[in-house]
Trainee: 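For reference, the structure I am asking about is given below.
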Amino acid sequence: MSPSSPTQSNAPHGLATHEVVLLLETDQHRGLTDKQVAERLARFGHNILPPPRGVGMLRRILRQFHHPLIYVLLAAGAITAALAEYIDSSVIFGVVVVNALVGFIQESKAEAALEGLRSMARTRARVVRDGRERTVASENLVPGDLVLLEAGDKVPADLRLIRLTEFRVNESALTGESVPVAKDGAVLPTTVPVADRHNMAYSGTLVTSGSGAGIVVATGAETELGEIHRLVGAAETLDTPLTQQLARFSRILTVGILGLAAVTFAVGLLRGQDAAGTFTAAIALAVGAIPEGLPAAVTITLAIGVGRMARRRAVVRRLPAVETLGSTTVICSDKTGTLTENQMTVRTVWTPDGGVEVTGSGYRPEGTLLGDDGTPIDTTDPTGLGAALRWSLLAGAACNDASLSERDGHWDIVGDPTEGAMLVVGAKAGFTPDRVAELLPRQATIPFSSERQYMATLHRDAMTTPAPQAPSSADHVVLAKGAVERVLDLCAGQLSDGTVSPLDRAEVLRAADDLAGKGLRVLATAMRPVTARDEFGDDSLPGTMVLTGLQAMLDPPRAAAAAAVAACHTAGISVRMITGDHAATATAIAGKVGLLDAAGEPPVLGRRRAGRVLTGTDLAELPAEELPDAVERATVFARVSPELKLRLVEALQSRGHVVAMTGDGVNDAPALRQAAIGVAMGRSGTEVAKDAADMVLTDDDFATIEAAVEEGRGVFDNLTKFITWTLPTNIGEGLVILAAIVFGAALPILPTQILWINMTTAVALGLMLAFEPKEAGIMARPPRDPGQPLLTRALVMRILLVSSLLVGGSWWLFEWELAHGANLAEARTAALNLFVMVEAFYLFSCRSLTRSAWRIGLFSNRWITVGATAQAIGQLAITYLPAMNTVFGTAPIGGGVWLRILAISGVAALVVAIDKRLRR
Ligand code: ATP
């Protein structure tokens, strides 16, 4: 524990709060001063974990040599050196070094991209400093800081807890135990193990319920989490199922090809061929045929995709999500804040005595309340309002945790927008937050939760006009607001004409349905005069209160939502709305964003017309076996609790869907984890939700999910393109060598030349496909079946076709040149250039898997133009520079040869184009 280090005797869990405060020279109410913070920051450093061990520069470079192909090359280099073939051996060693460098640079770039994302995901913490509450970046916390926590927060440092209410923490990050642990502040023996320290909260764990405060006792590497990091040195891997699959594929291939090379060598020897030559040929076979660059290329393509998504405000937290996004078949989206703006304004207040319309816009507390006859109600005189209206506005404003703020004439709220709207309408009627706090000082609270669906507060009644039908002893009042059905359950009567009459539930529900049908979010308000001794709790409220009114607020759909929904439909992705809101409100909003058409019917997806709206109650009543069917048919799920979300995901998954699910609350975490793509809200979401998610939207906007899906599809396309492009080279090179040995002919391409082709084309040509822009119409095709292999039959056929063209073409050209007076070096140079030229032409074809190279515009990816130019310069160099001639065994060739090379490459390109066209 800092300032002095932790020892058994001053371990914070063994000390009383005041001892901790004394030791850390802090104040348990006012926190540290700014001066103390600055000093401690300089002394203890930032609250961040040191980069994981084991990724040091040297180790990373060395890791590049840990690859079967490199071992083969090293052995080949050593043997050629022993055979005194010094040029060959230096080329081989040179390639090994260049290869390692390229791998190292690629890996560093990919890691830097991911690291950038990690820093975007850094959390903020609420602290008290100098007696004032403020929000700071978690990395600026210092020992002694007083941190405030509530459900949904991630614990930002190791804390000794003080002042707790129903505080529970999920410590699975630390202990692996996922059941939340209840915390209390009691002093413990120092010997108690970490998992049982109920007065401590550890960095990286998640607050699942309640609220509390704690004093920072350790930061950064000194925390328990830092300790674990030190022990494990856990570097986050760049692995995804796809890269693993490809790595496995290349390992198996490597072993197979090495076996084949060994057999070739043996056959050559048996046939009495020269040992050194046969050996070189066997090495050439191995080097040419093993697709060594594949896993690295995949990683870098994924990393580039992650960067693109981040620029479109979708931060990917787990790399595999990039792959899965392209296969998404269903997006389950929250309504409030994702499909809508979450900018609430109360438009109508309904009371049993009649309704009022409210004017004004945004959170500016200026506007008029207009009565039924269109005349303004005098808002400056609160007593002049009808009793029901007055008490509805008071309940909305007093039973409320939001606050209003003004800066440079711009009004905003802090807290929940639903509450902000109720605060504003109260203020428009003269019940400003300050005045309400004076009239009705709050004594106790039952907080809002998505399960409870209402909030209630107990106040001392300091109003001048007595509450309706209050017994003379009643000096307190209970206020409540929440979902209409829930608040109705709390009520026995309703307030009309200033007196309490029996509740007309049907009438209230009718009024609520009317308002909700217009897409307004409706909350009911209620009150009850009580005495200080009356019970106040969840169990004592039902059936005791008086309904005062309904407040209906407008939350406009997001501008881009409708277009994004339409784009998803075109892309064969169905969109479902999952909301805690009323079915009628949800249906109206669903209609506005195009989830349901004007008649209230969902749009046709595929051949089936889906069902419509299901509520949480419907879902609960459905027999388990009917659930998947019903869920698949419905589009809007209203009054759904977070627990139900998990069942919805499971039901959709049982139908083979790849589900993306949004969420923001603590209780959304299980559903986010279960979904193939858990999507958390970056702005309004809790840390718990973000922690469980695969992707975080920094703008909370539905349209961003659609953008991410589009990028995901693009990444997958580019991966497929790279693989389709690279494999024919490997197969072609392998086959050429194999054929030469089998037929006992001279090698058309030497091992060093093969190394040249593989090294240069992979970097200058292949890698540029990762920068390929998305194809037009990428969102006009159905989602990719996740079970579908990376290479479809058509692509496999194309790869084989190009391989045969490469083998046939280069063999024919090699023999033709020899037969027409060229020497071996010249004929080989011709074959080498043909190989590269065919690959370059084929690269342009691979830029689209289906459309022709001409259609996408030859120069629309400038990286490819740059790469192709660099490759051309390289080819001229290896053909004409004497030094390179010596090293690579090449020789200058004449214009006629180039024409033949061009002609053959042109024919090959034409064949590929025809194949594409026929398959289209
Ligand atoms: P979504 O799931 O689309 O984000 P939501 O925000 O409406 O929908 P919840 O926050 O679970 O979902 O709210 C459920 C219901 O509880 C709301 O429809 C509303 O009637 C009521 N409610 C929402 N916020 C409050 C609040 N602060 N106090 C009281 N009741 C509330």
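Start at 1 and go down the list; that is how both ligands and their atoms are numbered. Fair warning: this is a prediction, and the values are worked out from it, not measured in the lab.
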Trainee: For ligand 1, is Arg521 a contact, meaning one of its heavy atoms is under 4.0 Å away?
Mentor: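 Heavy atoms of Arg521 do come under 4.0 Å of ligand 1.
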Trainee: Salt bridge check: are Asp514 and Arg510 linked by an N-O gap of less than 4.0 Å?
Mentor: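 Answer for the salt bridge query: no.
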Trainee: Looking at atom 28 (N) of ligand 1, what's its closest protein heavy atom, distance included?
Mentor: Lys481 NZ, 3.2 Å
Trainee: May I ask you to test the Phe637-Asp618 pair for a side-chain heavy-atom distance under 4.5 Å?
Mentor: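 Answer no - side chains too far apart.
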Trainee: May I ask you to check if ligand 1 and Gly580 share an N or O to N or O distance below 3.5 Å?
Mentor: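 N/O-N/O distance under 3.5 Å: yes.
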Trainee: If you have a sec, work out which protein heavy atom is nearest atom 11 (O) of ligand 1 and how many Å separate them, to one decimal?
Mentor: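 Nearest protein contact, heavy atoms only, for atom 11 (O) of ligand 1 is Ser450 OG, 2.9 Å.
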Trainee: Taking atom CD of Glu166 as the centre, does the number of heavy atoms from other residues, nucleotides or ligands within less than 6.0 Å exceed 12?
Mentor: no
Trainee: Does any non-hydrogen side-chain atom of Val530 lie less than 4.5 Å from one of Glu535?
Mentor: no
Trainee: When you compare the side chain of Val424 with that of Trp411, does any pair of heavy atoms fall below 4.5 Å?
Mentor: no
Trainee: Between the side chains of Ser574 and Arg576, is a donor N or O closer than 3.5 angstrom to an acceptor N or O?
Mentor: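 Per modelled atom types, Ser574 and Arg576 side chains form a pair under 3.5 Å.
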Trainee: Is there side-chain contact between Pro670 and Glu643, with at least one heavy-atom pair below 4.5 Å?
Mentor: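 With C-beta onward as the side chain, the pair stays apart.
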Trainee: Between Arg639 and ligand 1, does any nitrogen or oxygen pair lie at a separation below 3.5 Å?
Mentor: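 Yes, there is a polar N/O contact under 3.5 Å.
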Trainee: Look at ligand 1 and say whether Ile578 reaches it with a heavy atom at a distance under 4.0 Å.
Mentor: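 The answer is yes: ligand 1 sits under 4.0 Å from a heavy atom of Ile578.
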Trainee: In ligand 1, which numbered atoms sit nearer than 4.0 Å to a non-hydrogen atom of Ala483?
Mentor: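 Atoms satisfying the 4.0 Å criterion: 20 (O), 21 (C).
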Trainee: Name the closest protein heavy atom to atom 4 (O) of ligand 1, giving the residue it belongs to and the distance to 0.1 Å.
Mentor: Thr336 CB, 3.5 Å
Trainee: If we set the cut-off at 4.0 Å for heavy atoms, which region of Glu419 has an atom near ligand 1: side chain, backbone, both, or neither?
Mentor: side chain
Trainee: In ligand 1, which numbered atoms sit nearer than 4.0 Å to a non-hydrogen atom of Asp416?
Mentor: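 With Asp416 as reference, the close atoms of ligand 1 come out as 24 (N), 26 (C), 27 (N).
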Trainee: Say whether Asp664, considering both its backbone and side-chain N or O atoms, lies within less than 3.5 Å of an N or O atom on ligand 1.
Mentor: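 Asp664 vs ligand 1: no N/O contact under 3.5 Å.
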Trainee: Does Arg683 come within less than 4.0 Å of Asp700, counting only side-chain N to carboxylate O?
Mentor: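 Between Asp700 and Arg683 there is no salt bridge, as every charged N stays at least 4.0 Å from the carboxylate O atoms.
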Trainee: Output side-chain donor-acceptor pairs under 3.5 Å for residues 545-556, partner residues at least two apart or in another chain, one line each.
Mentor:
from: Thr548; atom 1: OG1; to: Thr525; atom 2: O; distance (Å): 3.1
from: Thr548; atom 1: OG1; to: Thr525; atom 2: OG1; distance (Å): 2.7
from: Gln551; atom 1: NE2; to: Ser392; atom 2: O; distance (Å): 3.2
from: Gln551; atom 1: NE2; to: Ser392; atom 2: OG; distance (Å): 3.4
from: Asp555; atom 1: OD1; to: Glu341; atom 2: N; distance (Å): 3.4
from: Asp555; atom 1: OD1; to: Asn342; atom 2: N; distance (Å): 2.7
from: Asp555; atom 1: OD1; to: Gln343; atom 2: N; distance (Å): 3.2
from: Asp555; atom 1: OD2; to: Thr340; atom 2: OG1; distance (Å): 2.5

Trainee: Strictly under 4.0 Å, does any heavy atom of Met577 approach an atom of ligand 1?
Mentor: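 Met577: no contact with ligand 1 (<4.0 Å).
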Trainee: For atom 31 (C) of ligand 1, tell me which residue out of Tyr454, Phe637, Phe448 has the closest non-hydrogen atom.
Mentor: Phe448
Trainee: Which protein heavy atom lies closest to atom 8 (O) of ligand 1, and at what distance to 0.1 Å?
Mentor: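 Looking at atom 8 (O) of ligand 1, the protein heavy atom closest to it is Thr579 OG1, 3.1 Å.
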Trainee: List every atom of ligand 1 that sits less than 4.0 Å from any heavy atom of Asp581, numbering the atoms from 1 in the order shown and giving each element.
Mentor: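 Listed by number with element, the hits are 7 (O), 18 (O).
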Trainee: Any side-chain heavy-atom pair from Gln674 and Met661 closer than 4.5 angstrom?
Mentor: no
